[in-house]
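Reviewing the structure listed below.
Chain letters run A, B, ... following the sequence lines, proteins first, then strands; residues in each count from 1. As the structure is a prediction and not an experimental result, all values here were calculated from the model.
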Protein chains: 2
Amino acid sequence: MAPRTIRKKPASAAGPRRPAPRPDPDESARTQAVADRLHTLAIHLLRWLRKEDEALGLSGSRLSALSVVVFAGPVSLGDLAAAEQVRPPSMTPVVLALEQAGLVKRRAHPADRRTVLVEATAKGREQLTRGRRLRVGQLANLLEGFPARELDELERTVDMLRQKLEDDRSG
Amino acid sequence: MAPRTIRKKPASAAGPRRPAPRPDPDESARTQAVADRLHTLAIHLLRWLRKEDEALGLSGSRLSALSVVVFAGPVSLGDLAAAEQVRPPSMTPVVLALEQAGLVKRRAHPADRRTVLVEATAKGREQLTRGRRLRVGQLANLLEGFPARELDELERTVDMLRQKLEDDRSG
DNA sequence: TTGCTTAGTTAGCCTAACTAAAGTATGCTT
DNA sequence: AAGCATACTTTAGTTAGGCTAACTAAGCAA
């Protein structure tokens with residue numbers, strides 16, 4: 001059905017009116033409680049999703065590196081190492097393994113032949129997409145049957161949190 | 001951050017799990033989209049929180065074992081190994097390290113002296129609580145300033161998802 | 001007693017993922 | 001050209017975590 005944002009104030013559960021954002025101790029405790037539950041949920045959710053990754057046959061560090069290569073385009077081995085917060089020597093075997101699996105290709109930088117440019121192959125992109133789809137599909141099963149209204153709420157909340165996270169990282 | 005290509009795919013391609021009660025293509029695509037964003041959020045959230053753990057000085061497996069000991073009360077080494085899904089020999093050094101750190105205590109089972117009972121010390125409980133508080137506090141900062149209505153929504157959604165997860169695990 | 005079972009430890013080995021330091025090839029500057 | 005800088009690889013070693021097999025100690029049963 002049309003995923004339209006049906007907005008309705010949940011008068012029942014909304015609690016007392018809070019006209020101004022001030023450091024209310026009650027509200028702070030409430031925030032903590034919600035944070036705690038969100039924390040636990042995130043852990044359980046990812047643990048639950050991890051089993052999907054095993055089907056891919058890629059270890060965590062390789063999967064993570066592949067993801068950087070796929071999304072950040074051709075990237076030097078050094079930059080890739082930096083993105084993954086490891087030293088270049090640690091990245092060398094990871095890239096080699098990915099190359100042997102046919103998921104990335106290494107080529108020389110056109111202007112600086114010292115530099116190894118790593119780029120994703122079509123197969124690499126596919127594989128990452130497939131893994132993502134496995135996870136997301138699994139998660140979608142969980143959400144299947146949620147009424148549209150709940151999905152709307154969830155989406156809005158998720159976006160808000162992502163925004164906050166981003167703000168925090170840059171700010 | 002990720003250039004997501006959300007494709008309208010038949011739901012069958014996504015998850016092997018259960019037949020949806022009604023395969024409405026629109027709603028299914030919507031569900032996938034929300035799942036995708038939730039997935040990304042969970043990853044980012046935990047990655048962002050991980051840095052808090054470093055302050056604790058406990059590796060993942062030790063932290064996890066400690067958490068079992070704290071919450072499941074005195075537990076035999078074998079049961080602990082089973083809970084952590086490893087073999088008993090792998091658990092031995094973990095428990096030793098926790099004991100050396102003063103976080104757990106080992107004692108003989110009163111009725112069966114072969115059995116090693118592992119129980120948390122006050123320090124162990126504190127440390128776990130502290131770690132949790134670090135994470136949750138960090139997360140709470142993120143939520144600080146959310147209007148009460150949003151918190152309510154978030155809480156309800158989180159609880160729903162946790163319920164679903166539990167259902168899935170048992171069912 | 002003798003012998004089997006169970007709980008945990010010890011010993012020895014494996015893999016993954018990291019590291020620092022040294023080596024090699026290339027680029028840049030003077 | 002000479003010499004330093006940079007980008008990566010190689011080498012050698014660490015750490016964390018896992019495993020099996022063999023051992024010790026304790027319980028149980030005939």
Completion exercise
Per atom distances to the A/T115 side chain, the nearest of C/dT26, C/dG8, D/dC8 is D/dC8
Practice task
Report the nucleotide, chosen from D/dT6, D/dT20, C/dC18, that has the shortest atom-to-atom distance to any side-chain atom of A/R114.
Solution key: D/dT6
Practice task
Report the distance from atom CZ of A/R87 to atom P of C/dA21, rounded to the nearest whole Å.
Solution key: 11 Å
Practice task
Verify the distance criterion only: is there a donor paired with an acceptor across the side chains of A/R132 and B/T40 at less than 3.5 Å?
Solution key: yes
Exercise for the section: Please determine, by modelled atom types, if B/E84 and B/S61 share a side-chain donor-acceptor pair under 3.5 angstrom. Expected result: no
Completion exercise
A/L117 atom CG is separated from D/dA7 atom P, nearest whole Å, by 12 Å
Exercise for the section: Examine the side chains of A/D167 and A/Q163 and answer whether a donor and an acceptor come within less than 3.5 Å of each other. Expected result: yes
Problem - Atom-to-atom span, NE2 of A/H109 to P of C/dC28 - whole angstrom - result: 11 Å
Exercise for the section: Tell me whether the OP1 or OP2 atom of C/dG8 has a side-chain N or O from B/T92 closer than 4.0 Å. Expected result: no
Practice task
Give the rounded distance in Å between these two atoms: CG of A/D79 and C1' of D/dC8.
Solution key: 13 Å
Exercise for the section: For A/A111 and for B/M91, locate the closest nucleotide of DNA chain C by heavy-atom distance; then report the residue assigned to the nucleotide nearer the 5' terminus. Expected result: B/M91
Practice task
Look at the side-chain N and O atoms of B/S61 and state whether any lies under 4.0 Å from the OP1 or OP2 oxygen of D/dA16.
Solution key: no
Problem - Nucleotide D/dC8, atom P - distance to CD of A/E99 in whole Å - result: 14 Å
Exercise for the section: Check every atom of C/dG8, C/dA11, C/dA17 against the side chain of B/P89 and return the nucleotide holding the closest atom. Expected result: C/dA11
Fill in the blank from the handout: Looking only at D/dC8, D/dA26, D/dA7, the nucleotide nearest the A/D112 side chain is D/dA7
Handout entry: Length of the CG-C1' vector between B/L96 and C/dT10, whole Å
Key = 11 Å
Practice task
To the nearest Å, give me how far apart CG (A/L58) and C1' (C/dT15) are.
Solution key: 16 Å
Problem - Min side-chain heavy-atom separation B/R135-B/Q138 under 4.5 Å - result: no
Practice task
Flag the pair B/H39 / B/D36 as yes when at least one side-chain heavy-atom distance between them is below 4.5 Å, and no otherwise.
Solution key: no
Practice task
Please determine if a side-chain N or O atom of A/R106 lies less than 4.0 Å away from the OP1 or OP2 oxygen of D/dT9.
Solution key: yes
Practice task
Would you tell me if any nitrogen or oxygen in the side chain of A/R113 comes within less than 4.0 Å of OP1 or OP2 on C/dG27?
Solution key: yes
Completion exercise
B/P88 has its side chain closest, among C/dT9, C/dA17, D/dT9, to C/dT9
Problem - Proximal nucleotide (of D/dT9, C/dC18, C/dT9) relative to the A/L77 side chain - result: D/dT9
Practice task
Determine the contact category for A/S90: base if any of its heavy atoms lies under 4.0 Å from a base atom, sugar-phosphate if only primed atoms, P, OP1 or OP2 are that close, otherwise nothing.
Solution key: base
